[in-house]
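Here the structure is laid out as structure tokens; the discussion comes afterwards.
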Amino acid sequence: MKIIQLYEVLLNSFGEQNWWPVYSGEDKFLEVSIGAILTQNTNWNNVEKALKNLINAGFLNWDKLLKADTEQIKQLIKPAGFYNQKAIYIKNFVSAVYGVSKEKINRSFLLSIKGIGEETADSILLYGLDRLYFVVDAYTKRIFYRTGLINRPAIRYGSLQQYIQQNIPPDLKVYKEFHALIVELGKRACRKKPLCAGCPVNHLCLKRPV
DNA sequence: AGCCAGGCCAAGC
DNA sequence: GCTTGGCATGGC
């Protein structure tokens, strides 16, 4: 199987995902950034509860978050889990980015913020700032290894990102949809304990263990 | 009712 | 450089 085939099969089976933004049209940068931090190793259902808490409290707002006490944020984001860490990460992010023009925000700047790793940074860049960075996550590695697109399960983030970016068109829509489709496949079929019956790429897969 | 979720950081080798 | 432990809620 080729990478672009995987994309096409997933798009045909699942349709467009249209992931982000969910709530705010005008400040998607903030919504995506907070959502990306909250979803670190966390089910999106739980993230939605936390996001709604923030929105209902009027806290999905740069000024409110900047001034907010960390304890207030902890209480609001509790459903997302790891809330002690994530509240600090959110404060770190808002403090670092507040008042900085979007043109000056790049990958290395985001990575310098404690709590923003490679996947979170690339999610913010791609979905929040429309920059051409492909988002690699645990599902991507698992699916690419099982299907045989890569030969070892533990590949470095940057290596897999480069490999994918060199094999798909440099198009924001494709980048956004492909990552979302990979997550959807991971949720529906390519779980830790795979549900291969009904998987849309079953016929193209090597079914490697783990 | 245990397993798992759209990671990250710090510490240890 | 790679591996491990800690962080936490809620759904299935």
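We name chains A, B, ... by the order of the sequence lines, and we start the count at 1 in each one. Please read all numbers here as calculations on a predicted model, not as lab measurements.
Taking the 5' to 3' direction, DNA chain B first and last meets chain A under 4.0 angstrom from a heavy atom at B:dC4 to B:dA10.
In this structure, C:dC12 and B:dG2 make a Watson-Crick or G-U wobble pair, each of the two defining distances being under 3.5 angstrom. Pair check for B:dG12 finds C:dC2; Watson-Crick or G-U wobble, both atom distances under 3.5 Å.
When hydrophobic clusters are built by joining Ile, Leu, Val, Met, Phe, Trp and Tyr residues whose side-chain heavy atoms come closer than 4.5 Å, directly or via intermediates, A:I113 is grouped together with A:I37. The same ILVMFWY cluster, assembled from side-chain heavy atoms under 4.5 Å apart, contains both A:V97 and A:I77. Cluster annotation: A:Y89 and A:V100 are assigned to the same hydrophobic cluster (Ile/Leu/Val/Met/Phe/Trp/Tyr, side-chain heavy-atom contacts under 4.5 Å, transitive). Following chains of ILVMFWY side-chain contacts shorter than 4.5 Å, one can reach A:V9 starting from A:V183, so the two form part of one hydrophobic cluster. Tracing side-chain contacts under 4.5 Å through hydrophobic residues (I, L, V, M, F, W, Y), one reaches A:I182 starting from A:W20; they form part of the same cluster.
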Using the side chain to side chain donor-acceptor pair (under 3.5 Å) rule, take A:N18 and A:K173 through it: C-alpha gap first, then chi angles, then the decisive distance, then the call.
-> CA-CA 9 Å; A:N18 293 310; A:K173 184 73 178 169; 3.1 Å; yes

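Nearest heavy-atom pair across A:Y133 and A:Y175 is C-CD2, 3.6 Å. The shortest non-hydrogen separation linking A:W44 to A:G35 is CZ3-O, 4.2 Å. The shortest non-hydrogen separation linking A:L111 to A:E118 is CD2-N, 3.7 Å. What you find for A:T42 and A:A80 is that their closest heavy atoms are CG2-O, 3.1 Å. Here the closest non-hydrogen pair linking A:K192 and A:R146 is O-NH2, 2.8 Å. Nearest heavy atoms, A:N61 versus A:L30: N-CD2, 3.5 Å.
Of the residues in residues 147-171 of chain A, none has a non-hydrogen atom less than 4.0 angstrom from any atom of DNA chain B. The stretch residues 172-200 of chain A touches DNA chain B through A:V183, A:K187, A:K192, each having a heavy atom under 4.0 angstrom from the strand. Within residues 112-131 of chain A, the residues that have a heavy atom under 4.0 Å from DNA chain B are, in order of number, A:I113, A:K114, A:G115, A:I116, A:G117, A:E118, A:E119, A:T120.
Between C:dG5 and B:dC4, the distance separating the two P atoms is 16 Å to the nearest Å. For C:dG6 and B:dG6, the P atoms lie 23 Å apart once the distance is rounded to whole Å. Straight-line distance between the P atoms of C:dA8 and B:dA10: roughly 15 Å, to the nearest whole Å.
Side-chain contact check for A:L204 versus A:T147: every heavy-atom pair is 4.5 Å or farther apart.
Screening A:Y139, A:F134, A:F14, A:W19 against A:F178 for a ring pair (Phe, Tyr, Trp, His ring centres under 6.0 Å) leaves a single residue, A:F134.
Residue A:A138 is in sugar-phosphate contact alone, with no base atom involved, counting any heavy-atom pair closer than 4.0 Å across all strands shown.
Counted within 6.0 Å of NZ on A:K114, heavy atoms from surrounding residues, nucleotides or ligands total 12 or fewer; the atom is thus considered open.
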Annotated protein contacts, base or backbone, on nucleotides 5-12 of chain C with a non-hydrogen cut-off under 4.0 Å, one of B, S, - each = -BBBBSS-

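Residues in residues 94-126 of chain A take part in no ring-ring contact (aromatic ring centres under 6.0 Å, His included) pair, two or more places apart or across chains.
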